[in-house]
Number of protein chains: 2
Amino acid sequence: MEDSERLKKQKELIEQIGRQNEKEGFQPVAARILGLLMVMDKEEYTFEEIVEEMQISKSSASTALKNLEIRGIIEYVTYSGDRKRYFRFVSGEIVGMIDEMENKMIRNLATINQIIELKKDPNSRNATFLKNVLKGMEFFIKNLEELKIQYKREH
Amino acid sequence: MEDSERLKKQKELIEQIGRQNEKEGFQPVAARILGLLMVMDKEEYTFEEIVEEMQISKSSASTALKNLEIRGIIEYVTYSGDRKRYFRFVSGEIVGMIDEMENKMIRNLATINQIIELKKDPNSRNATFLKNVLKGMEFFIKNLEELKIQYKREH
DNA sequence: TTTTTAGTTCGGCACTAATCGAACTAGATT
DNA sequence: AATCTAGTTCGATTAGTGCCGAACTAAAAA
């Protein structure tokens, strides 16, 4: 593929990833910066370069980058003798992603337990439904735990 | 537990679930209606009852209920000789939840593949990182598939 | 045929979130 | 000491959501 064609496709992909990330709760600018840092061949962007590339104000860049950094999705490095920050994305550890999913499930599990405990009739439609969900969640959480161990062993 | 005390705790739980659901992208009113339908002992609420209970306008109720229904989270039933709709929450099938998670992963996987394909240097830091993430995701997706089968067999 | 019931749709207000520009800061350079 | 660089912080503005009331509709009841 020609370089110019690849660049064009990369830009399109950044936009697509941007929209995808917006759905994950990122603000538009942050979502696209993240896309930039993932997609482009250049792997470390300075603050100024991001402002240039994305056509955004310095203040927007500043807030977006801070947010992304706090969430642990990007980081920056510096090189001695150079005051600039070089931003790059932090590789998402797959086990960490699974952990996150699991934690969310565990929180939901706790809530569902609370609902059931407050039911007058523990055999009502909803109570029964919720108990089933609970059982299923417990099954998957237990097995995810094992999968994580297996994955760590294999890699 | 006394009925009045339970009711009080149920109301609190609805509020808590409401806030939780807001974080999942539901609008405040929809988030709390969902809580109501899950928590209360009464398992089918009419439109009017929801308006009453939640102290919201009919229009808000209408939009919130439509949204929840479109998302497949609640449904309504009718009884012959009664024009009212009786809303209730749809029990989340655990396997369905896992499917959803899996589909999200698969979509991410497709995106990551696109990124890698557009990289000039397939051995660059980011390309390598992304390939690792890809491998991990494939591992978990494959095994989730097996877990689902096992779960279905056991239940 | 008129009225009532059970909602839906629409326009607008209120509030929140996103982005901007301008002023500022702290460290490096001249 | 003054200037430059690399950002940050702080209102102001704009864009977007959420919710409401009022008007509307379609079916049932009187």
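Chain A is the first sequence line, chain B the second, and so forth, proteins listed ahead of strands; every chain is numbered from 1. On a predicted model such as this, the values are computed, not experimentally measured, just so you know.
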Rounded to the nearest 0.5 Å, how far does CD1 of Ile116(B) lie from OG1 of Thr128(B)? 9.0 Å

Carboxylate-amine/guanidinium proximity below 4.0 Å for Arg88(A) and Glu43(A): no

Between Ile50(A) (CD1) and dG7(D) (C1'), how many Å, whole number? 12 Å

Calculate the interatomic distance between Arg32(B) atom CZ and dG18(D) atom P; express it in whole Å. 13 Å

Below 4.0 angstrom, N of the basic side chain to O of the carboxylate: do Arg85(A) and Glu69(A) qualify? no

Minimal heavy-atom distance between Met54(A) and Leu36(A), with the atoms involved, is CE-CD1, 4.1 Å

Between C1' of dA29(D) and NZ of Lys84(B), the distance in whole Å: 14 Å

Whole angstrom value for the distance that separates C1' of dT4(C) from CZ of Phe47(B): 16 Å

Counting distance only, does the side-chain N/O of Lys119(A) pair as donor-acceptor with the main-chain N or O of Val39(B) below 3.5 Å? yes

Could you state the atom-to-atom distance from OH of Tyr76(B) to P of dA6(C) in whole Å? 15 Å

Take the protein atom CG of Asp82(B) and the nucleotide atom P of dA6(C), then report the distance between them rounded to whole Å. 8 Å

Checking Ile14(B), Ile73(B), Ile74(B) against Leu37(B) for side-chain contact (heavy atoms from CB on, under 4.5 Å), the one that qualifies is Ile74(B)

Tyr76(A) and Phe87(A): aromatic ring centres closer than 6.0 Å? yes

Measure all distances between protein nitrogen or oxygen atoms and nitrogen or oxygen atoms of nucleotides 13-15 of chain D, and list the pairs falling under 3.5 Å.
none

Ring of Tyr45(B), cation from Lys42(B) - is the NZ or CZ under 6.0 Å from the centre and inside 45° of the axis? yes

Nearest whole angstrom, please: distance from the P of dC19(D) to the CG of Leu65(B). 12 Å

If a protein heavy atom is under 4.0 Å from the base, mark B; if only from the sugar-phosphate, S; if neither, -; do that for nucleotides 17-30 of chain C going 5' to 3'. -SSBB-----BS--

Report yes if a side-chain nitrogen or oxygen of Arg85(B) is closer than 4.0 Å to either non-bridging phosphate oxygen (OP1 or OP2) of dG7(C); otherwise report no. yes

If the threshold is 4.0 Å, N to carboxylate O, is there a salt bridge linking Arg32(B) and Glu22(B)? yes

Whole angstrom value for the distance that separates P of dG18(D) from NZ of Lys66(B): 14 Å

